Every structure is written in structure tokens, then in C-alpha cells.
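Notes to accompany the following structure.
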Amino acid sequence: MLLGAIADDFTGATDLCSMLVRGGMRTVQLIGVPPRDQAPPDADAVVVALKSRTAPVRQAVDDSLAALKWLQAGGTRQYFFKYCSTFDSTEQGNIGPVADALVDALGCGFALACPAFPTNARTVYQGYLFAGGNLLNESGMEHHPLTPMTDANLVRVLSRQTEGAVGLVNFATVDRGAHAIRDAMTRLKEQGRRYAIVDAITDAHLLAIGEAAASHALITGGSGVAMGLPENFRRAGVLPVRDDPAALPRLEGACAVVAGSCSRTTLAQLGYARNHVPVFDLDPLETPDAAALTDAALAWSSDKIGSKPLVIAASASPEKVALLQSRLGRDQAGALVEDAVAGIAAGLVERGVRRLVVAGGETSGAVAGRLGVRSLRIGGEIDPGVPWTYASGSGPELMLALKSGNFGATDFFLKAFRVLEAEP
């Protein structure tokens with residue numbers, strides 16, 4: 001393995017995998033920390049997907065360190081801690097505590113932090129994170145049901161989560177290229193900074209940041225900052241040119257979408273889908289019982305499963321989410337929705353679905369766990385950051401697309417299956 005990555009959720013992991021495949025690296029995503037005696041897959045990059053973004057801090061740290069230890073045993077040359085391009089976390093973590101633990105374990109003393117992904121309208125300027133044209137805390141992320149983001153200043157956000165000092169490599173420096181970025185990070189490390197938030201508003205900036213970090217033991221950020229890493233390995237003569245790193249086996253079967261994300265993007269995608277395919281909306285407020293919600297959805301789907309996609313969604317407006325949380329509590333409300341959607345996904349697979357799209361990071365983790373998925377071979381992108389994957393594990397093999405709630409065009413749910421049909 002050339003690059004070993006630890007991702008704090010499942011869709012973020014596939015987002016990173018997709019970026020690496022685009023750069024010419026054969027990439028495999030593993031679900032959860034592999035057993036100690038499991039050999040690394042035949043791949044240039046391996047991404048271990050955890051469900052640690054909203055886990056208790058101690059659990060997130062322990063799982064991340066276990067993943068790091070397994071990757072180290074495989075002889076990995078460089079490590080990557082992947083979190084969301086919206087840097088979402090809580091005041092207690094888990095970005096800072098996990099990064100601290102990885103820095104300490106690797107003995108590197110310093111790591112850059114850059115969640116920018118301009119293709120998906122995530123940019124960092126003067127240390128402030130923008131989503132589209134809005135500051136992060138004015139983008140809708142301030143209403144996120146689990147990790148509300150009310151501050152767009154990443155230096156402040158990360159400083160609240162770590163005892164280490166946080167510096168900034170600002171736009172003027174980044175715009176001068178890799179040498180200037182490398183020199184600035186070296187100075188910050190010499191000044192005792194543990195982290196550097198690095199500005200980026202274009203792909204060219206991300207490529208320069210990647211080049212500047214070629215010798216870093218650890219990189220942290222969104223998938224965008226991984227854009228320049230494959231070329232580093234090619235320059236070093238350890239990554240050959242791959243003819244088709246995104247090639248996947250072809251798998252026939254019925255099509256379905258399950259959605260748990262409540263992001264504005266997913267809500268818009270569901271609105272578009274309603275005009276084209278059957279959509280069933282779960283109502284946890286009316287039926288706060290996961291088993292009952294699952295049974296109702298599967299009963300509705302019984303005569304609709306086939307080659308045309310159907311959509312089952314637990315997504316709701318911020319107002320409905322807040323009301324459900326006020327009645328059940330935040331954790332219980334999230335667990336209810338995840339359990340229901342995971343049960344529905346398992347029921348659909350039992351009924352012949354083999355091509356499945358899942359929307360939402362926490363939802364994807366719950367679904368993958370219920371389906372017994374252990375490994376994902378990464379294929380071509382549907383939209384930036386969202387690839388099709390070939391999933392294998394304890395159950396039937398699947399074509400699986402795990403979509404971050406904030407990613408994808410408005411027609412994503414229909415486009416996903418068109419892309420699959422168009423592949424040779």
C-alpha cells in the first residue's frame with residue numbers, strides 16, 4: 001500500500017476513494033477495522049471507513065488508532081485522516097482528538113488540515129470555510145441534526161478541539177505554489193504549531209498543497225486535498241500508470257434508493273425524484289418505531305421492485321427533525337431513523353435489489369453494517385465525490401453507491417442508474 005487512509009464516515013471514505021481512483025490509484029475501501037491477521041488487498045490505496053464522526057470521543061480515537069495500527073502493519077508509506085468537506089464535528093471532537101492521537105502515534109508532530117473541495121463548492125479563504133457562496137454557518141449546516149456548525153473560522157473550530165496550537169497558511173501563500181506552502185508549513189511547525197489550516201479555492205491550490213505535503217507522514221482533510229497525492233507517488237517512481245483503475249465487474253439486479261440525509265441537497269434530489277419515480281416517505285413522528293416503519297416501507301415496495309428505481313426516504317425538513325429530536329432526544333431520533341433505513345435496505349436486498357444508492361453518511365454506515373458489507377472496490381464517479389462500488393461481504397454482492405448528504409446534482413438518484421447502464 002502506498003496510501004493508507006482512515007475516514008470518519010462511510011460516504012466520506014468513498015468520496016476519498018473516488019478522488020484517488022480518478023488520480024490513477026487502484027483503491028479499496030474496507031468497512032471497519034480489519035482483523036489483525038487480514039492481509040491488505042491488492043490495491044495502491046486502502047481507505048478504512050469508520051463510523052466515528054459522531055461516536056463518543058474515546059471510541060473514535062480508539063477505532064482510529066486500531067485502523068492506523070493495521071495500516072502500519074501493511075507497510076503503508078503515507079497516512080490520511082479523512083473528514084467531511086464541511087469540517088462538521090462537535091465542540092468536543094472528533095476531528096481534533098483523532099488528529100491528535102494520529103500525530104502522536106506517528107511521531108510527526110505536525111499535520112495540515114484542509115477540507116476544501118472546490119468542485120463541490122467547499123472553499124477555505126483566510127481560514128474561513130465557505131459552502132457555495134455562504135459561510136459554513138449560514139449554509140444550512142448550522143441546522144445539521146447531529147453536528148451543527150455555527151462557526152466558519154476553522155482555526156477557532158479546531159483550536160477548541162485540541163491542546164495543540166493551530167496556525168494558518170493563507171491564500172496569498174497558497175497562491176504562490178507548492179514551495180511557498182511547504183516553507184510556510186515548515187515555519188509553523190518550527191514555531192510550535194501542531195496544525196495548519198490551509199486555504200484553497202481552486203483545484204490548482206489543492207494540487208499545490210498535495211505536492212507540498214509529499215514528505216508528510218500524515219495529511220488531514222477532505223478528499224479534495226488528496227487530489228495531488230497520486231502524482232507524488234508517480235514522481236517517486238512507486239506508482240505505475242494504470243489503464244483503468246475504476247474497472248468494476250458488472251452486476252444485474254433490481255434498483256433502489258434509500259435516503260436518511262436531511263441536507264438541503266438531498267431534499268432537492270428527493271423533490272426531483274418524486275416527479276419521475278415512486279417515492280415513499282417514512283414518518284418517524286407519526287410512527288416512532290423502527291420495525292413498524294420498515295414493515296410499512298417494504299409492504300409499499302412489494303409490487304414496485306424491478307429494473308426501474310424506487311426511492312424510500314426518511315429525510316425531513318429541519319423543523320420536523322427538530323420536533324422529532326425534542327420528543328425522543330437527539331441520539332434516539334438518529335438511531336430510530338438509522339435502524340429503520342438499514343432494515344429497509346436489508347429487506348430490499350432480500351427481495352432482489354442488487355443496485356442500491358444510499359444517501360447520508362450515518363445512514364450509509366448503518367446500511368453497510370446491516371448488509372454485512374466488508375469491502376468496496378471503487379469504480380467510476382456518478383457525480384464528483386460519489387462513485388459506484390462493488391460491495392462484498394457476508395451477504396450477496398452488490399453495486400452500491402454511498403452518497404454524502406451534501407453531494408450530487410439534483411437528478412442524482414436517477415442519474416446514478418443511467419451511469420451504471422452506460423458502463424461497458
Side-chain angles (χ1 to χ4, degrees), residues 2-6 8 61 64-65 68 71-72 76-83 85 87 89 93-116 123-129 151-233 235-236 238:
L2 300 177
L3 184 70
I6 301 160
D8 69 357
V61 169
S64 299
L65 288 175
L68 175 66
L71 291 167
Q72 286 176 308
T76 306
R77 289 171 176 255
Q78 189 175 49
Y79 300 90
F80 195 106
F81 171 36
K82 164 67 172 70
Y83 40 77
S85 61
F87 210 77
S89 190
N94 291 335
I95 292 174
V98 170
D100 282 347
L102 297 176
V103 167
D104 289 345
L106 291 168
C108 56
F110 177 86
L112 69 86
C114 181
T123 55
V124 182
Y125 179 72
Q126 298 300 93
Y128 286 83
L129 179 55
D151 189 354
N153 186 308
L154 300 188
V155 174
R156 283 198 301 255
V157 171
L158 186 54
S159 293
R160 289 195 290 265
Q161 296 182 23
T162 175
E163 294 180 0
V166 183
L168 172 67
V169 180
N170 65 20
F171 172 79
T173 300
V174 172
D175 207 39
R176 297 206 309 271
H179 291 293
I181 299 167
R182 186 181 301 113
D183 290 345
M185 291 192 293
T186 298
R187 285 194 299 273
L188 288 172
K189 183 178 181 180
E190 290 172 347
Q191 293 166 8
R193 303 291 202 277
R194 185 178 298 174
Y195 302 106
I197 299 296
V198 185
D199 282 356
I201 64 173
T202 68
D203 285 353
H205 293 149
L206 294 175
L207 290 169
I209 295 166
E211 181 181 349
S215 64
H216 287 206
L218 175 68
I219 297 168
T220 86
S223 64
V225 77
M227 188 180 297
L229 303 186
E231 189 58 35
N232 289 341
F233 294 120
R235 277 193 293 264
V238 294

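What you see is a predicted model; the values in this text were computed from it and never measured.
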Legend entry - Shortest non-hydrogen separation from P230 to A226 and the atoms involved: CD-O, 3.3 Å
Legend entry - Qualifying salt bridge (Lys or Arg N to Asp or Glu O under 4.0 Å) pairs with a residue from residues 213-223, counting only residues at least two apart or across chains: none
Legend entry - Where at least one partner belongs to residues 216-232, residue pairs that pass side-chain hydrogen bond (donor to acceptor under 3.5 Å, both in side chains), sequence neighbours excluded: D15-S223, Y83-T220, E231-R234, N232-R235
Inset, instruction - Can you sort out the partners of D8 under side-chain hydrogen bond (donor to acceptor under 3.5 Å, both in side chains), two or more places apart, ordered by chain and number? - result: R53
Inset, instruction - Only counting residues at least two apart or in another chain, list the ones meeting side chain to side chain contact (heavy atoms under 4.5 Å, CB included) with A180. - result: T173, R176
Legend entry - Validation row: V124, V198 side chains within 4.5 angstrom (heavy atoms): no
Inset, instruction - Identify which one of V155, N153, D199 satisfies the side-chain contact (heavy atoms from CB on, under 4.5 Å) criterion when paired with Q126. - result: D199
Inset, instruction - Would you indicate whether the side-chain heavy atoms of L229 and I219 approach each other to under 4.5 Å? - result: yes
Inset, instruction - Would you please name every residue forming a side chain to side chain contact (heavy atoms under 4.5 Å, CB included) with Q191, sequence neighbours left out? - result: R187, L188, R193
Legend entry - Pairwise distance CD1(I197) to CG(N170) - rounded to 0.5 angstrom: 13.0 Å
Inset, instruction - Please list, chain by chain and in numerical order, all residues satisfying side chain to side chain contact (heavy atoms under 4.5 Å, CB included) with A5, sequence neighbours excluded. - result: L16, V47, F80
Legend entry - Heavy-atom check, side chain of L206 versus side chain of C114, under 4.5 Å: yes
Inset, instruction - Using the test side chain to side chain contact (heavy atoms under 4.5 Å, CB included), find all partners of L207 that sit at least two apart in sequence or belong to another chain. - result: M227
Legend entry - Donor-acceptor contact below 3.5 Å, side chain E163 vs main chain D100: no
Hey, can you pull the donor-acceptor pairs under 3.5 Å for the side chains in residues 104-111, sequence neighbours left out?
none

Inset, instruction - Applying salt bridge (Lys or Arg N to Asp or Glu O under 4.0 Å), name anything that partners D151, two or more places apart in sequence or on another chain. - result: R156, R160
Inset, instruction - Could you tell me whether the side chain of T76 and the main chain of L71 form a donor-acceptor pair under 3.5 Å? - result: yes
Legend entry - Pairs touching residues 180-211 that satisfy ring pair (Phe, Tyr, Trp, His ring centres under 6.0 Å), sequence neighbours left out: F171-H205
Legend entry - Side chains of L3 and F233 in contact at under 4.5 Å (non-hydrogen atoms): yes
